[in-house]
Chemist: 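Structure in structure tokens, see below.
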Amino acid sequence: MLIKDIITEEQRMTARYAKAMGHPIRMYILELLTKQACCYSGDLSEILPIAKSTLSQHLKELKDAGLIQGEIEAPKIKYCINRENWTKAKQLFQTFYGI
């Protein structure tokens, strides 16, 4: 039997979202973006006391997981919660925790 035969798509997605959420800075970013429509990367770099390159890595991880989306508005990037995937992530975690 192969791993792919026993791991469900729901388990794979839950793990992917959990990995992306596995850092306090990323949790801060997600919490911030759930409370407002969108935020520019420059605004985040003013709020968070971390290097811009580090912030960029955190945003990339969240974007790669599909939890946020970025839209280029030169010279800035506007980030927003990906509402569809955010809802899916919440549903997956609720199912996992039996809520």
Side-chain angles (χ1 to χ4, degrees):
M1 184 177 295
L2 300 172
I3 293 290
K4 68 178 184 101
D5 295 331
I6 60 172
I7 303 297
T8 67
E9 180 63 16
E10 288 78 15
Q11 291 166 330
R12 190 185 69 72
M13 288 305 302
T14 303
R16 181 64 184 108
Y17 291 142
K19 179 183 179 222
M21 297 168 73
H23 192 284
I25 293 291
R26 292 184 211 138
M27 293 300 293
Y28 178 89
I29 293 167
L30 287 169
E31 192 172 322
L32 181 73
L33 291 177
T34 60
K35 293 178 181 174
Q36 59 191 52
C38 294
C39 189
Y40 289 94
S41 56
D43 296 338
L44 287 170
S45 65
E46 290 178 14
I47 297 168
L48 294 166
I50 59 175
K52 288 182 181 182
S53 60
T54 303
L55 174 59
S56 179
Q57 289 174 322
H58 287 304
L59 291 167
K60 181 181 182 327
E61 182 67 32
L62 292 169
K63 190 174 177 186
D64 288 350
L67 292 172
I68 66 171
Q69 51 199 20
E71 181 179 315
I72 297 173
E73 292 184 1
K76 299 179 181 180
I77 301 175
K78 179 172 73 172
Y79 288 97
C80 306
I81 286 287
N82 180 319
R83 296 285 172 197
E84 181 181 338
N85 289 347
W86 184 243
T87 298
K88 179 69 174 171
K90 289 191 292 188
Q91 291 168 344
L92 288 167
F93 284 114
Q94 288 173 342
T95 299
F96 179 77
Y97 287 116
I99 299 173

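For reference, positions follow the sequence shown, starting with 1. Just so we're clear, the structure is a prediction, and the values are computed from it rather than from any experiment.
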Chemist: Should we say atom CD of Glu9 is surrounded by more than 12 heavy atoms from elsewhere, each under 6.0 Å from it?
Modeler: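 Result for CD/Glu9: enclosed.
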
Chemist: If you measure from CD on Gln36 to CD1 on Ile81, what distance do you get to the nearest 0.5 Å?
Modeler: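 It comes to 10.0 Å.
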
Chemist: Please report the interatomic distance CG(Leu59) to CG(Leu67), rounded to the nearest 0.5 Å.
Modeler: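 These two atoms lie 12.0 Å from each other.
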
Chemist: After noting the C-alpha distance and the side-chain angles of Cys39 and Cys80, does the key distance pass the disulfide bond (SG atoms under 2.5 Å apart) rule?
Modeler: CA-CA 7 Å; Cys39 189; Cys80 306; over 6 Å; no

Chemist: Tell me every residue that passes side-chain hydrogen bond (donor to acceptor under 3.5 Å, both in side chains) with Lys78, counting only those two or more places apart in sequence or in another chain.
Modeler: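 Partners of Lys78 under the side-chain hydrogen bond (donor to acceptor under 3.5 Å, both in side chains) test: Glu73.
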
Chemist: Determine all donor-acceptor pairs shorter than 3.5 Å in which one atom belongs to a side chain in residues 85-99; sequence neighbours excluded.
Modeler:
| from | atom 1 | to | atom 2 | distance (Å) |
| --- | --- | --- | --- | --- |
| Asn85 | ND2 | Gly66 | O | 2.9 |
| Thr87 | OG1 | Arg83 | O | 2.9 |
| Thr95 | OG1 | Gln91 | O | 3.0 |

Chemist: Please find the pair of heavy atoms, one from Glu61 and one from Arg16, that lie closest to each other, and give the distance.
Modeler: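 Closest pair (atom of Glu61, atom of Arg16, distance): OE2-NH1, 2.7 Å.
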
Chemist: If the condition is side-chain contact (heavy atoms from CB on, under 4.5 Å), which residues does Glu84 pass it with, not counting sequence neighbours?
Modeler: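 Result, side-chain contact (heavy atoms from CB on, under 4.5 Å) vs Glu84: Asn82.
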
Chemist: For a side chain to side chain contact (heavy atoms under 4.5 Å, CB included) with Leu62, tell me which candidate from Ile25, Leu33, Ile68 qualifies.
Modeler: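 Of the listed options, the one satisfying the test is Ile68.
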
Chemist: Just list the side-chain donor-acceptor pairs under 3.5 Å for residues 43-57, sequence neighbours left out, or say none.
Modeler:
| from | atom 1 | to | atom 2 | distance (Å) |
| --- | --- | --- | --- | --- |
| Ser45 | OG | Gly42 | O | 2.8 |

Chemist: Which pairs count as ring pair (Phe, Tyr, Trp, His ring centres under 6.0 Å) when at least one residue sits in residues 30-54, sequence neighbours excluded?
Modeler: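 Counting only pairs at least two positions apart or across chains, no ring pair (Phe, Tyr, Trp, His ring centres under 6.0 Å) contact touches residues 30-54.
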
Chemist: Listing request: all ring pair (Phe, Tyr, Trp, His ring centres under 6.0 Å) pairs with a residue in residues 45-74, at least two apart in sequence or in separate chains.
Modeler: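 Pairs touching residues 45-74 that pass the test: His23-His58.
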
Chemist: Tyr79 and Ser41: which non-hydrogen atoms are nearest, and at how many Å?
Modeler: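 Minimum heavy-atom separation between Tyr79 and Ser41: CE1-CB, 3.8 Å.
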
Chemist: Less than 4.5 Å apart, any side-chain heavy atom of Glu31 and any of Met27?
Modeler: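 No, every pair of side-chain atoms sits at 4.5 Å or beyond.
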
